[in-house]
2 protein chains.
Amino acid sequence: MPTLEDVARRAGVSTATVSKVLSNTPYFSERTRAKVLQAVKEIGYVPNLAARALSSGKTQIIAFVFPYVYDALFADPFVLLILEGIESECHQRGYNLLLSTPRIVSGQPDEHYLQLVQSGYIDGFIALDSVPSASVVEPVFAHGIPSVTIGYHPNTFFVRADDCAGGFQAMDHVLKLGHRRIGVISVNESLHFSISQRLAGLRAAAEAYGLDFDTLPMAEGDFSTASGAACAAELLSRHPDLTALVCLNDRMAIGALQQLHVRAIRVPDQMTVIGYDDIPTAAIIVPPLTTVNQQAFRQGQEAARMLLDILNGRSPQPITLPVELVVRGSSAPVPAPGLTRKGG
Amino acid sequence: MPTLEDVARRAGVSTATVSKVLSNTPYFSERTRAKVLQAVKEIGYVPNLAARALSSGKTQIIAFVFPYVYDALFADPFVLLILEGIESECHQRGYNLLLSTPRIVSGQPDEHYLQLVQSGYIDGFIALDSVPSASVVEPVFAHGIPSVTIGYHPNTFFVRADDCAGGFQAMDHVLKLGHRRIGVISVNESLHFSISQRLAGLRAAAEAYGLDFDTLPMAEGDFSTASGAACAAELLSRHPDLTALVCLNDRMAIGALQQLHVRAIRVPDQMTVIGYDDIPTAAIIVPPLTTVNQQAFRQGQEAARMLLDILNGRSPQPITLPVELVVRGSSAPVPAPGLTRKGG
DNA sequence: GGAAAAAGGTTAAGCGCTTAACTATAGATT
DNA sequence: AATCTATAGTTAAGCGCTTAACCTTTTTCC
């Protein structure tokens, strides 16, 4: 591999000149600049990034990290969309993207990750950090390394979706359709910070309609499709008169749909089902799922922008992105009183 | 950040000693080893990876790359599973994982990617490389950098799923169920190398049953759900007597299911539908999709193992992984002759 | 016309680590 | 006793790049 020195020799200048020309420093004649660039082209010189990193202290690598916990985050299309948003931004700005999925051991990210944080290899971190039991951004923050959090663990810079508004919109939609016997498929609040936000939104909407939220039947799943089906089964046997199920993520909503199909309860005629996330599958299943889109791609993109801004010395503002209810085929007005379940 | 020298000073030894102790070189007394490790712990030393990389020529970073083409690979759960497989192996062996998605400009991966390849930043590449129009592994291979290809672009080391066997199994299953009026939803062979393999498998199975493959109705989509629906519509209007649709990926199969739902054609009673890939959605839709599982996680895992073996001086063998037909609810024996579509 | 400022470039000192080459001592071998 | 070898460490030369400090020539300005 040719080095800076080879280029310098060929162009008949010093290595400093080559280095500065390549990084576009002013005060060089057109002639010199051309000579250098010519030499670079001729010998096919490409800078050695490790050397550049050691010397300049900047690696041009940022990391996207999320803890390896619960029902594999990897299985979550939501994460993929965020990743895509980050990638698109990095690609545009010439940054490289490293992926790390620290395992959590005794409440701490694993050793290898902690080393990575301090290794100087990473200019900045974007962390998907909403699992209350452990923070992956905390060690980064503690070492003063630039970081942006997507989620609710404390950080100066963050990107969040407005989960409270999302919860509100979902519940409001259901109430507007006339439903009052509403089951909620939630997740234990200890699993994800956003859950309490979404629940707060549901509650606010219910109260706006004079409905006591605490009287609504609720079951707790774990985000997975299977748990959604189980929760639906549980709610339906305890409360056969429900006309709507509000689920705090799409995969559980899809599980609920399965369970309803098994029980031959038609959606949306006999039961309205609402999801949350708007994963790609939501649009292509039958019936297509009414859900809350939280702009995952945009979350990733904004987080990357924010981080790169920080790296370039700016001081961006944290962002809370709006969400949007996407009404599809799984929600409908409450069935007419005459329409009983069996007869439907 | 503390450096090797700080550790050396504190432990009262030379930097060489510290370096060698940390990399577990023999010929050091227990006493020295302990002193060094003690000092490391006391001052919280973590090696600077850029320096290590520059000096040793090894960065401990491998890259997973795939071209940014057609119906966003990012949207493909298959890719995600591969990524997960790679990550799990990297994590175990202490490697870091970089993600790169080169854009293809005039038949070549973009400049930034080509620089990355030659930058010395990446110890080895795993490429998802099956798009005939451009190879992302070719420049890597050309520069003599260790690489493993998942797919069909030429490489000394590769991991492949047995697409031909997969095609065979899918078609064989349909034929065994008694179907003979079979529509094929394919993709233009110029979009992906695996397509011709799968088609060859279909053909072989058809011929084993004495069926002329070329007489079967076929439509070409582009892997997307929407295109699957369009292809199904086209095939059904041209050939209303079809009893089975074999689709060369799951998303198109799901599109076909949608279209059948719209036309009130019941699956599997009136129509058998087969997919390919076994993406997570395949298992949770109604009806659950019969499809070919190609072990995406394992492909990623084996590719990573292979690459790390190469980096450690071994010479692994290329692998073609077996595939497995997963029979679910979307396939059934050909309807009895009396059972017409309308009456079904 | 002379001083200051700008333009165009070079020298050389690192960045923090690895490793080849070397020194020195203790025990084993002949 | 002399030689060899294994053990236990040190010295110092890079790896390829950036950049502060410095030098020289040209331009600008009063």
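Chain identifiers are assigned alphabetically (A, B, ...) following the order of the sequence lines, protein sequences preceding nucleic acid strands; residue numbering begins at 1 within each chain. Source: prediction; values computed, not measured.
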Whole Å only: how far is the [atom1] atom of [X] from the [atom2] atom of [N]?
{"X": "B:Glu5", "N": "C:dG16", "atom1": "CD", "atom2": "P", "value": "9 Å"}
{"X": "B:Gln118", "N": "D:dG16", "atom1": "CD", "atom2": "C1'", "value": "16 Å"}
{"X": "B:Gln60", "N": "C:dT18", "atom1": "CD", "atom2": "P", "value": "11 Å"}
{"X": "B:Leu54", "N": "C:dC17", "atom1": "CG", "atom2": "C1'", "value": "8 Å"}
{"X": "A:Arg9", "N": "C:dT10", "atom1": "CZ", "atom2": "P", "value": "14 Å"}
{"X": "B:Leu22", "N": "C:dT19", "atom1": "CG", "atom2": "C1'", "value": "15 Å"}

Residues 119-130 of chain B, side-chain donor-acceptor partners within the protein, below 3.5 Å, at least two apart:
{"unit_1": "B:Ser119", "atom_1": "OG", "unit_2": "B:Leu116", "atom_2": "O", "d": "2.7"}
{"unit_1": "B:Ser119", "atom_1": "OG", "unit_2": "B:Tyr121", "atom_2": "N", "d": "3.1"}
{"unit_1": "B:Tyr121", "atom_1": "OH", "unit_2": "A:Thr59", "atom_2": "O", "d": "3.2"}
{"unit_1": "B:Asp123", "atom_1": "OD1", "unit_2": "B:Thr59", "atom_2": "N", "d": "2.9"}
{"unit_1": "B:Asp123", "atom_1": "OD1", "unit_2": "B:Thr59", "atom_2": "OG1", "d": "3.2"}
{"unit_1": "B:Asp123", "atom_1": "OD2", "unit_2": "B:Thr59", "atom_2": "N", "d": "3.1"}
{"unit_1": "B:Asp123", "atom_1": "OD2", "unit_2": "B:Gln60", "atom_2": "N", "d": "2.8"}
{"unit_1": "B:Asp129", "atom_1": "OD1", "unit_2": "B:Val136", "atom_2": "N", "d": "3.0"}
{"unit_1": "B:Asp129", "atom_1": "OD2", "unit_2": "B:Ser135", "atom_2": "OG", "d": "2.6"}
{"unit_1": "B:Asp129", "atom_1": "OD2", "unit_2": "B:Val136", "atom_2": "N", "d": "3.3"}
{"unit_1": "B:Asp129", "atom_1": "OD2", "unit_2": "B:Val137", "atom_2": "N", "d": "3.2"}
{"unit_1": "B:Ser130", "atom_1": "OG", "unit_2": "B:Tyr152", "atom_2": "N", "d": "3.1"}

Is the shortest side-chain heavy-atom distance between B:Ile104 and B:Tyr68 below 4.5 Å?
no

Find out whether A:Asn48 and A:Thr3 are in side-chain contact, i.e. whether some heavy atom of one side chain is under 4.5 Å from a heavy atom of the other.
no

Return the CG to CD distance between B:Asp110 and B:Gln115, rounded to the nearest 0.5 Å.
10.0 Å

Rounded at 0.5 Å granularity, tell me how far CG in A:Leu98 sits from OG in B:Ser100.
12.0 Å

Could you report the tightest heavy-atom contact between A:Phe28 and A:Thr32, atom names first, then the distance?
CD2-CG2, 4.4 Å

Work out which heavy atom in B:Pro102 is nearest to a heavy atom in B:Pro109; give both atom names and the distance.
CB-CB, 4.1 Å

Sorted by chain and number, sequence neighbours left out, side chain to side chain donor-acceptor pair (under 3.5 Å) with A:Arg305 holds for A:Glu89

With the threshold set at under 4.0 Å for non-hydrogen atoms, list the residues of residues 26-52 of chain B touching DNA chain D in residue-number order.
B:Tyr27, B:Phe28, B:Ser29, B:Thr32

Where along residues 14-21 of chain A does a heavy atom come under 4.0 Å from DNA chain D, residue by residue in number order?
A:Ala16, A:Ser19, A:Lys20

Output a table of nitrogen or oxygen pairs between the protein and nucleotides 26-28 of chain C separated by less than 3.5 Å.
none

Are A:Glu87 and B:Arg103 ion-paired here, with the side-chain N under 4.0 Å from a carboxylate O?
yes

N/O donor to acceptor pairs below 3.5 angstrom from side-chain atoms of residues 138-148 of chain B, sequence neighbours left out:
{"unit_1": "B:His143", "atom_1": "ND1", "unit_2": "B:Pro139", "atom_2": "O", "d": "3.0"}
{"unit_1": "B:His143", "atom_1": "NE2", "unit_2": "B:Gln118", "atom_2": "OE1", "d": "3.2"}
{"unit_1": "B:Ser147", "atom_1": "OG", "unit_2": "B:Asn155", "atom_2": "ND2", "d": "3.0"}

State whether B:Phe158 and B:Arg160 meet the cation-pi test: NZ (Lys) or CZ (Arg) under 6.0 Å from the six-membered ring centroid, and within 45° of the perpendicular axis.
yes

